[in-house]
Amino acid sequence: MNTRRLRRYVDDLLAGRRPRGFRPDDDEADDIRTAIALRAARPGQRRAQRRVRHPACAVGWPMSSPPPPIRARRAAGRAADAWSS
Amino acid sequence: VTGRRPSPGRQRRDEPRQPHDSTAASVPRLHVVGSDAYPDWEEIYRDNVERVYRLMFSKVGNRADAEDLTTEVFLAALRPLRVSANIGEVRAYLLATARSVLAAHWRRTLGRQITDLDADRIEDVFPEPPSTDKAAAQARRILAALPERYRRILQLRFLEACSIKEAAAEMGISVANAKVLQHRALREAAAADRRLAP
């Protein structure tokens, strides 16, 4: 067990950061599962913050029309990613 | 040889639905929530984005991942959907897609499944009006099973959003002690969670 990686993961969760990945063992996986359950119970933290990327923004698809073919959407998505990065 | 995957709206209602990803848990027979259909894709998104986000947040515990996974769910689910599908069918498909997306997230980040949506049902995930808060109830059960000091440090850190310094001051201990206490408390809470699991 690598306590440091687990602590970093939990610290990230608590600080509202995106936790960094690692390969947890069984005990660490249980700890993470419980940490998520407790973190998710924090009052007032679970409403969407309007930062969910709208599909129309993600792939350039005006949603008043039917979705474009998947190939076109992937290309549009890559273009959008390149634009935003 | 696999045939073309049926899409909601095209599929006969008495057929079990297949999720878009073979890694997803199979979707049970539909429980039709209502006979109404959405007028367009925008409305499907607007009516369900909050619910999917809330669900994802409860499974990953952080906003950034929950936001990305929510977007991923809609991107994956909206293409196969037909606007003619009724609300129950749309939500069943979103839930099936969310299962696959969450499973892929855990494989990618931690190499193993940490949380899943296998036991989550449409009636619980898409409640109208909102049901009682399952996450808060689970947290209360876990904390109630802990000794006072363990319960207090987890409450301060996880529920009351205190920094480690603030939590240490509140409990009258050093920051180093608070870190150790939090680690031990979380380990004990995980054991309690396992014991309390149905």
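Residue numbers begin at 1 in each chain, while the letters A, B, ... track the order of the sequences.
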Report which part of B/Ala161 has an atom under 4.5 Å of a heavy atom belonging to chain A: side chain, backbone, both, or neither. both

Counting only heavy atoms closer than 4.5 Å, note whether B/Leu143 contacts chain A via side chain, backbone, both or neither. side chain

Any chance you could measure A/Arg17, atom CZ, to B/Arg63, atom CZ, to the nearest 0.5 Å? 13.5 Å

Check: A/Arg42 side chain, B/Arg157 main-chain N or O, donor-acceptor pair, under 3.5 Å: yes

Name the member of A/Ile32, A/Asp12, A/Asp26, A/Val10 that forms the most heavy-atom pairs with chain B at distances under 4.5 Å. A/Asp26

Contacts of B/Asp116 meeting side-chain contact (heavy atoms from CB on, under 4.5 Å) (sequence neighbours excluded), chain-then-number -> B/Gln113, B/Asp118

Under the side chain to side chain contact (heavy atoms under 4.5 Å, CB included) rule, what do A/Tyr9 and B/Leu110 come out as? Steps first, then yes or no, please. CA-CA 11 Å; A/Tyr9 193 97; B/Leu110 296 180; 3.8 Å; yes

Kindly say whether B/Ile114 contributes a backbone atom to a donor-acceptor pair with the side chain of A/Arg33 at under 3.5 angstrom? yes

Which bit of A/Leu38 comes within less than 4.5 Å of chain B, counting heavy atoms only: side chain, backbone, both or neither? both

Let me know if B/Arg194 has heavy atoms under 4.5 Å from chain A in its side chain, its backbone, both or neither. side chain

Of the non-hydrogen atoms in A/Ala40 and B/Ser58, which two are nearest, and what is the gap between them? CB-CA, 3.7 Å

Part of B/Asn62 lying under 4.5 Å from any heavy atom of chain A: both

Run the numbers on B/His183 and A/Leu6 for side chain to side chain contact (heavy atoms under 4.5 Å, CB included), then give the verdict. CA-CA 9 Å; B/His183 180 71; A/Leu6 174 65; 3.9 Å; yes

What's the shortest heavy-atom distance between B/Asp65 and A/Pro19, and which atoms? OD2-CD, 3.8 Å

Over all atoms of both residues, closest heavy-atom pair of B/Ala190 and A/Thr34: CA-OG1, 3.1 Å

Any side-chain heavy-atom pair from A/Leu14 and B/Gln182 closer than 4.5 angstrom? yes

To the nearest 0.5 Å, atom CZ of A/Arg7 lies from atom CD1 of B/Ile164 at 9.0 Å

Heavy-atom proximity to chain A below 4.5 Å, by part of B/Leu69: neither

Does any heavy atom of chain A fall under 4.5 Å from the side chain of B/Val52, the backbone, both, or neither of them? neither

Taking only residues at least two apart or on different chains, which pairs with a member in residues 142-151 of chain B satisfy side-chain hydrogen bond (donor to acceptor under 3.5 Å, both in side chains)? B/Glu148-B/Arg151

Heavy-atom side-chain proximity of A/Ile36 to B/Lys59 below 4.5 angstrom: no

Sidechain-backbone polar pair: B/Arg112 side chain, A/Pro24 backbone, donor-acceptor under 3.5 Å: yes

